[in-house]
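Notes follow the structure.
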Amino acid sequence: MIEPLDAVADEAIHGSYCPKMCNFSCPVLTATGDERAAPWALHTVVAGLATGDRTADAAAYNDLYGCTGCHACRAACLYDLDVPAEVRAARAVAIAAGADPPAVAAAARHVRAGRSPYGDAPAALPVSRADADVAVIAGCRDEPATLQAIDQLLAAAGVAASWVRPSGCCGATPADLGDAATAGACGEQLAAHLRDAPPTVVATDPHCLPALRAVAGERTVRDVSSELADHAHRLRLRGLGAVTYHDPCVLARDEGVIQAPRTLLAAAGADVIEPPGAGRATACSGAGLALELVAPDAAGAVARRRTAQLSDDRPVVTACARARRLLAAAGLAVRDLFVVLADHVDAERGR
Amino acid sequence: MEAALVDALAAVLPAERVSTDRHTLWLHAQDFWPRLVMARRRGEDLPLPAAVVSPASRDEVVAVLRWCHQQGVAVVPYGAGTGVCGGAAAVAGAITLDLKRMNAVTDVDEVSGTVTVQPGIIGQALEDHLADRGWTLGHYPSSNHCSTIGGFLAVRSAGQASSFYGKLEDMVVGLEVVLADGTVVRSRPVPSSAAGPDLARLFLGGEGTTGVITEATLRIWPRPATARYRGVLVNDVVAGLDAARALLRTGLRPTVFRLYDETDTAMVFGAQGLEVPPGCLIVVGVEGDADVVEFTSRHFLQLLTARGARDLGPDPGEHWRAHRYDISYRFAEYMRPGGAFGDAVMLDTMEVAALWSRLAEAYDQIRAALSVHADLVLAHVSHIYPEGASIYFTFGAAGQGDEEAVAARYDAAWDAGQTAALRTGATITHHHGVGRLRVPWLAEELGPGGLDVLQRVKRALDPIGILNPGTLGLTEERR
């Protein structure tokens, strides 16, 4: 998940000579107005580290703060430059060279103690079922209500789930922070958890998907909404009115999962309202690439801008715990997709 | 600027608005004037500002400028830093005033058809905001994805649809500006006025030397319901210019008109995978209500084919639409170290404008002048007016790794091209502005009387010369 700097150096050098063409797409630049957050500026730091023009130190790490990993810039780019991959690689180089950013140290400490990198205590898991069809990996930012709702929906869909909670973290957030050691340790633990897992592995948090794929071998790795949408006809949902759906960047843009959440909402009778920035063109909540840990003010600013786009009289739902938490902290009345769906399981029809 | 002064500046406004870390200073040292990009490529250290200040409001701009005026500290206004003439490049010891934090859309008046924005909003971000509401600004320069509205206004930018919507300066309904001493000037947002000279014109094209734009009210249009684009081929540039003039004299306006010379036709469209027969390609686009588009497109096609143009159908037009911003994205492919044409490449554009009666001569002479120093010269015409048009030259040379030699060729090409423009009665710039790049030719462009007026205006508005010194050649850089 963390590429070596050599692998991203050429992209970074290229991007450092681009006249900032993806400026319009960057949520951090837009929310903060900080030139350091322009993808061009990030390219210049990574290129400087790759060519030796910059020292890999704490200042370099700090200058790499301004990215949410949303890949909106990549969608705009004619050359498919992957800024988040560059940032991860360069952060790792800075850490390897001795930079010791407080956010990284704190996250590693939390993970070693079995908490999420954000410091969340582990949520209680639903009861695993025998002869499970799928292994469900609980995200470290998911709340108990979300996990229970997912379990309820999977059961309603006739899918038997065994629940797995990585100790602390799947490794995605440490990788985002450039903490290769912690990410590696998390990955090893996760691989051990999956050793006897069924052939399908489901992630409750879309941010976990790349980390899972890295250790899942031949198993199919997918998000919850995709798994549930395959069984939508069994869910016996009804009674949901108009809702606005916020597409999480990782799910919509990276994974291409756009229809599945809408299928589920439609199965519940919802009239899905598309906000400005929907589907692959979704606008970022600020939740990715550990921005909330390295620059919480910037993450909050991004969330406030997205909140302004989503605020109306309709309820807002999303399928990412990280996005939901940030948007809620920014003042948006936003609920978890699966909790909302579980509230609309038609018990009468199920009898 | 002394460190103590930076501390004093930080007391004028919230501390987080002032940055002095080396990376932030380095980022603001440059804009995208290719001469500076080449300097960076060869490892040259560019002058750094003493501090970067990022105001969040008009009042903070007032506070900063008032303080700078009192202290005699120079200020370089900065939007996205994507200008191509050095107008936003840092001045050593000055502060750079980064306006990107001021990027709000403060009002959309759908009755009047206006939008009011702060200067730091990126062009495409504004366009997306308007599109969500069924409107368009109609300003689509190839830098729309990266540059700010304030920057566009400062250089009198033109977009690809200028033949219908006009240049951005033509869309200005109202303007708010902060002068060097902190005085706020507002032009009343009205459709037109005869209350003396149009004061907004003191600041449009001022490139931050006469004041700092803090808000603009701009004309907007309902988004067109229909678009139809088409390509035709003519034998040569003169035939294309004649066709453009004839089109406008029908009384109808294309949304987009683009005439490519033979080299540009072959290079640009060939490189993008669309084979066009030898000749000069014309792309004509018409947008609006369906019946208007149908009538106008048909009429234009009849007129063009009656003049001998060969109809190539919709493909070239649609191809252009799909790739309308690609050329700006490709800049790095050529200019980066180890780029598509090797190390030490120079690449730039020179946009001039002239009356129809002088345009063919201007094309020939400027092209010939550039060709002496460049390996490749392309040209297209993309902003047409009843009385003339702009010609946009792209020129480049491969330096085979010799940065100094290619820089000399770059300077010589600019001197030759601008001199040829002046000799043929053209203006030295149509929409990129002057910056530092074009200072050597500005005096001849304006003439002694014109330059004197500009200098007097500058002295009246900025008596101690703190605003963007060096740009437009109006005040010496403070070092």
Side-chain angles (χ1 to χ4, degrees), chain A residues 9-27 29-45 47-48 51 53-55 57 59-66 73 76-81 274-278 281 283 297 301 305 308-309, chain B residues 16 19 21-24 26-28 31-32 34 37 40-41 43 52 54-56 78-84 96 98-103 120-129 131-133 142-148 323 325-339:
Chain A
D10 190 66
E11 281 198 10
I13 291 167
H14 183 112
S16 72
Y17 282 86
C18 175
K20 315 181 186 181
M21 290 303 292
C22 58
N23 265 357
F24 76 99
S25 67
C26 178
L29 177 65
T30 303
T32 64
D34 185 351
E35 183 74 12
R36 288 180 301 164
W40 167 76
L42 298 169
H43 286 303
T44 69
V45 178
T51 58
D53 289 343
R54 273 205 74 153
T55 305
D57 56 13
Y61 192 96
N62 289 339
D63 290 336
L64 292 163
Y65 88 89
C73 55
C77 181
L78 217 56
Y79 298 88
D80 201 32
L81 302 186
E274 303 292 355
D297 290 348
R305 283 192 80 92
Q309 291 180 319
Chain B
E16 67 269 23
S19 302
D21 66 276
R22 186 164 178 83
H23 182 54
T24 299
W26 183 85
L27 293 173
H28 290 84
D31 61 9
F32 264 82
V37 176
R40 172 158 72 94
R41 190 177 61 197
V52 174
S54 304
Y78 184 100
T82 52
V84 291
T96 290
D98 186 330
L99 294 154
K100 279 195 296 296
R101 197 185 291 254
M102 294 174 61
N103 64 359
I121 190 167
I122 303 290
Q124 187 61 45
L126 173 57
E127 194 57 34
D128 290 343
H129 184 92
D132 288 338
R133 291 154 181 79
S142 64
S143 56
N144 211 36
H145 285 184
C146 58
S147 305
T148 63
H323 297 277
Y325 299 128
D326 283 10
I327 195 67
S328 296
Y329 278 91
R330 291 190 185 281
F331 180 81
E333 183 179 335
Y334 308 120
M335 289 294 280
R336 57 165 291 180

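Atom set for the values below is all heavy atoms of this structure, side chains included, hydrogens, waters and symmetry mates excluded. Every chain is numbered from 1 and lettered A, B, ... according to where its sequence line falls, protein lines coming before strand lines.
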Leu29(A) versus Asn23(A): any side-chain heavy-atom pair under 4.5 Å?
yes
Heavy-atom nearest pair, His23(B) first then Arg54(A), reads ND1-NH1, 3.3 Å
Select one option (side chain, backbone, both, neither) describing which atoms of Arg22(B) are under 4.5 Å from chain A's heavy atoms.
neither
Checking heavy atoms, do the side chain of Ser147(B), its backbone, both or neither come under 4.5 Å from chain A?
neither
Mind telling me whether Trp26(B) and Trp40(A) have parallel, tilted or perpendicular rings, with 30° and 60° as the class edges?
parallel
Of the backbone (N, CA, C, O) and the side chain (C-beta and beyond), which part of Phe32(B) lies under 4.5 Å from a heavy atom of chain A, both, or neither?
side chain
As an exercise, state the distance from NE2 of His43(A) to CD of Glu11(A), rounded to the nearest 0.5 Å.
7.5 Å
Tell me, side chain or backbone of Tyr334(B) under 4.5 Å from chain A's heavy atoms, or both, or neither?
neither
Please classify the contact of Cys26(A) with chain B as side chain, backbone, both or neither, using a heavy-atom distance under 4.5 Å.
neither
Less than 4.5 Å to any heavy atom of chain A: does that hold for the side chain of Asp132(B), its backbone, both, or neither?
side chain
Is Glu127(B) close to chain A through its backbone or its side chain, or both, or neither, when contacts mean heavy atoms under 4.5 Å?
neither
Region of His129(B) in contact with chain A, defined by heavy-atom distances below 4.5 Å:
neither
Chain A heavy atoms under 4.5 Å from Asp31(B): which part of the residue, side chain, backbone, both or neither?
neither
